Protein chains: 2
Amino acid sequence: MSHPINVACSNCNLRELCMPVGLKPEELQRIDELVATRRKVKRGTTLFRNGERFDALYAIRTGFFKTCITAEDGRDQVTGFQMAGEIIGLDGIVNDHHTCDAVALEDAEVCVMPFDKISEISRDVASLQHHLHRIMSREIVREHGVMLLLGTMHAEERVAAFLLNLVQRLHTRGFSRSEVVLRMTREEIGNYLGLKLETVSRTFSKFAEMGMITVRHRHVRILDVDALKRLVGPPGGAA
Amino acid sequence: MSHPINVACSNCNLRELCMPVGLKPEELQRIDELVATRRKVKRGTTLFRNGERFDALYAIRTGFFKTCITAEDGRDQVTGFQMAGEIIGLDGIVNDHHTCDAVALEDAEVCVMPFDKISEISRDVASLQHHLHRIMSREIVREHGVMLLLGTMHAEERVAAFLLNLVQRLHTRGFSRSEVVLRMTREEIGNYLGLKLETVSRTFSKFAEMGMITVRHRHVRILDVDALKRLVGPPGGAA
DNA sequence: CGGTAGGTTGACCACCTTCAAGGACCGTGG
DNA sequence: CCACGGTCCTTGAAGGTGGTCAACCTACCG
């Protein structure tokens, strides 16, 4: 399940995504202590679950995750989709227990960073300290955006925003800015966006009819980014 | 606008709410350095605004705030209501600029804690470090809950959850567990809950008809907590 | 006392959900 | 190779929840 690492953070090609930049050599060395082990997570299995003890943050090295919470009555909500270079597990810090499930949507590998080690090292290395704060703050700001989406947007706007966000993040990772292979089902997308899977499907079809995208199963090609952007938020447009 | 403090954290009656517990005397002394000044914020004015430079977190000493973000097209979303003992400003850490507005809903006073001072002291005082991490993590978890609410709940469930959450937080601050004086308008409540103000109003009326609450303007009395709880999430109830 | 902001209530309607049926793809096993 | 089952997806028709629009009311404040 977990195994020793073979690539140090200092050599990792994802370093700019999950670690601070501009470190001095001796700081870099301390950072390399951070990742205790790697862990492979098979598609469909969980990295951690609601209720489990929290003791580490995870940096995604490869693969794709969703995080979701479940209410007592069984309703659940996908709170995010995470890809390479992103950090998951922040929810567990408050009460030393995770409050959501992290499920791999494809075979994945994560770097395990024991939280007490993070705390310890960030007391010595100010840039790591600040980096951690920024990561948490970024997550808070991201969730504000999701609240705006869920609170004010219509179905088409939500789906457009979802696609744009996804393709943008993939692009910063070196992938195409117009091709997406969805790693999640329509139901998972809908759950995240506060819509039913049928609505997501219909909206995809509608975008395709309008010539903004092509959809074949999970393969989406974006034909007209600007049209999508216009959908999510009229730029100078009507109030 | 801002003025020297007259009550040290070590003497503050809100200490358990916004500061770590179980500090050693010398740590307490360092904590007292945290709050540089106090600042009064008049009702209807902002503590900070989207786009302003971030350099401090704020602990609410008295009063009541809302935070809200605004999309380019003018739509906005209330992301939370904050009361005494709670910390605001976390959104600003990522990019050194605030991304939301913090508006006082009644005359308020906050403790200004310069963020570089927080960082510095938390490098020496591990319990402060952990406390900060917990505060940020708690905010992330809270927002997960809001996402669940916005993504899956019906109007009645949302309003019930809102009232219960409010009264619960007031109760931990020593107020009644059945009396609430709302500090925000129906429109602000609706915005937060992803509903229109008319829907909030109607839902209040419906709850009143059902004998669960009484409403007179902004004064709400909760008559049947359990009924409200049953609304938000059927306990063992129907799936 | 009049103006204004905030709140309530009603009628109608739109968007999304619900329910249902059919179809495409994938892995497995014959 | 094809048949088979299962999951995932698409599309249609009908219905409901909450939105929209509008009128009226109340409290508050100069």
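Bear in mind the structure is a predicted one, so any value in this text is a computation, not a measurement. Naming convention: chains lettered A, B, ... in sequence-line order (proteins, then strands); numbering from 1 in each chain.
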A.B. asks: Is it true that A:E106 and A:R43 have a side-chain N and a carboxylate O under 4.0 angstrom from each other?
C.D. replies: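 Looking at A:E106 and A:R43, the cut-off is not met.
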A.B. asks: Any idea which of C:dG6, C:dT18, D:dC9 is nearest the A:R218 side chain?
C.D. replies: D:dC9
A.B. asks: Could you state the interatomic distance from CZ (A:R183) to CG (A:L105), rounded to the nearest 0.5 Å?
C.D. replies: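 If I round to the nearest 0.5 Å, the distance is 9.5 Å.
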A.B. asks: Grab the N/O contacts between the protein and nucleotides 13-16 of chain D below 3.5 Å, and write none if there aren't any.
C.D. replies:
from: D:dA13; atom 1: N6; to: A:R202; atom 2: NH2; distance (Å): 3.4

A.B. asks: Classify the angle between the aromatic ring planes of A:F81 and A:F162 as parallel (below 30°), tilted (30 to 60°) or perpendicular (above 60°).
C.D. replies: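 A:F81 vs A:F162 ring planes: perpendicular.
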A.B. asks: In terms of side-chain heavy atoms of B:E198, which of D:dC21, C:dT8, D:dC8 is nearest?
C.D. replies: D:dC21
A.B. asks: Closest heavy-atom contact between B:V78 and B:N191?
C.D. replies: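 Closest approach of B:V78 to B:N191, heavy atoms only: N-OD1, 2.6 Å.
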A.B. asks: Of A:S201 and B:A155, whose closest DNA chain D nucleotide lies nearer the 5' terminus?
C.D. replies: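 Checking each residue's closest nucleotide, the 5'-ward one belongs to A:S201.
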A.B. asks: Assuming nearest nucleotide by heavy-atom distance, tell me which of A:H217 and A:L195 is located more 5' along DNA chain C.
C.D. replies: A:L195
A.B. asks: Rounded to whole angstrom units, what separation is found between the NZ atom of B:K206 and the P atom of C:dG10?
C.D. replies: 13 Å
A.B. asks: Note the angle between the end axes of the helix from C:dC1-D:dG30 to C:dG30-D:dC1, five pairs defining each, rounded to 10 degrees.
C.D. replies: 30°
A.B. asks: Can you tell me which residue pairs pass the salt bridge (Lys or Arg N to Asp or Glu O under 4.0 Å) test with a partner in residues 163-178 of chain A, sequence neighbours excluded?
C.D. replies: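 Qualifying pairs: A:E86-A:R169, A:E86-A:R173.
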A.B. asks: Among C:dC25, D:dG18, C:dT8, which nucleotide sits nearest the side chain of B:H154?
C.D. replies: D:dG18
A.B. asks: Check the distance between D:dC9's P and A:E188's CD and give it to me in whole angstrom.
C.D. replies: 8 Å
A.B. asks: Is it the case that over 12 heavy atoms from other parts of the model lie below 6.0 angstrom from the CZ atom of B:R49?
C.D. replies: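 Count not over threshold, so no.
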A.B. asks: Under a 4.0 Å threshold between the charged nitrogen and the carboxylate oxygen, would A:R39 count as salt-bridged to A:E109?
C.D. replies: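 Salt bridge: no.
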A.B. asks: What I want to check is whether the side chains of A:E52 and A:H97 have a donor and an acceptor closer together than 3.5 Å.
C.D. replies: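 Side-chain D/A pair, A:E52 to A:H97: absent.
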A.B. asks: Rounding to a whole Å, what distance do you find between A:R216:CZ and C:dA24:P?
C.D. replies: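 Atom CZ in A:R216 sits about 11 Å away from atom P in C:dA24.
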A.B. asks: What is the separation between atom CD on B:E187 and atom C1' on D:dT20, rounded to the nearest whole Å?
C.D. replies: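 For the pair B:E187 CD and D:dT20 C1', the rounded distance is 14 Å.
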A.B. asks: Before accepting this row, confirm whether a basic side-chain N of the pair B:E139/B:R142 lies closer than 4.0 Å to the acidic partner's carboxylate O.
C.D. replies: yes
A.B. asks: Nearest to the side chain of B:L197, which nucleotide is it out of C:dG6, C:dT8, C:dA24?
C.D. replies: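 Of the candidates, C:dT8 comes closest.
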A.B. asks: How is B:G190 classified with respect to the nucleic acid when contacts are heavy atoms under 4.0 Å: base, sugar-phosphate, or nothing?
C.D. replies: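 The residue B:G190 makes no contact with any strand.
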A.B. asks: What is the distance, rounded to the nearest whole Å, between atom CG of A:L193 and atom P of C:dC15?
C.D. replies: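 In whole Å, C:dC15 P and A:L193 CG are 18 Å from each other.
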A.B. asks: I want to verify a distance call: between D:dT17, D:dG19, C:dT8, whose nearest atom is closest to the B:T199 side chain?
C.D. replies: D:dG19
A.B. asks: Test for a donor-acceptor pair under 3.5 Å between the base of C:dC16 and the side chain of A:E156, counting only N and O atoms.
C.D. replies: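 Answer is no: no donor-acceptor pair is held.
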A.B. asks: Carefully, step by step, assess A:D107 and A:K42 under the rule salt bridge (charged side-chain N to carboxylate O under 4.0 Å, His left out).
C.D. replies: CA-CA 5 Å; A:D107 290 357; A:K42 278 240 163 298; 3.7 Å; yes
A.B. asks: To the nearest angstrom, how far is B:F207 atom CZ from C:dT8 atom P?
C.D. replies: 13 Å
A.B. asks: Can you tell me the distance, in whole Å, between the CZ atom of A:R186 and the C1' atom of D:dT11?
C.D. replies: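 After rounding, the gap between these two atoms is 13 Å.
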A.B. asks: When the distance from CE of A:M153 to P of C:dC16 is rounded to whole Å, what number comes out?
C.D. replies: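 The distance from CE of A:M153 to P of C:dC16 comes to 13 Å, rounded to the nearest Å.
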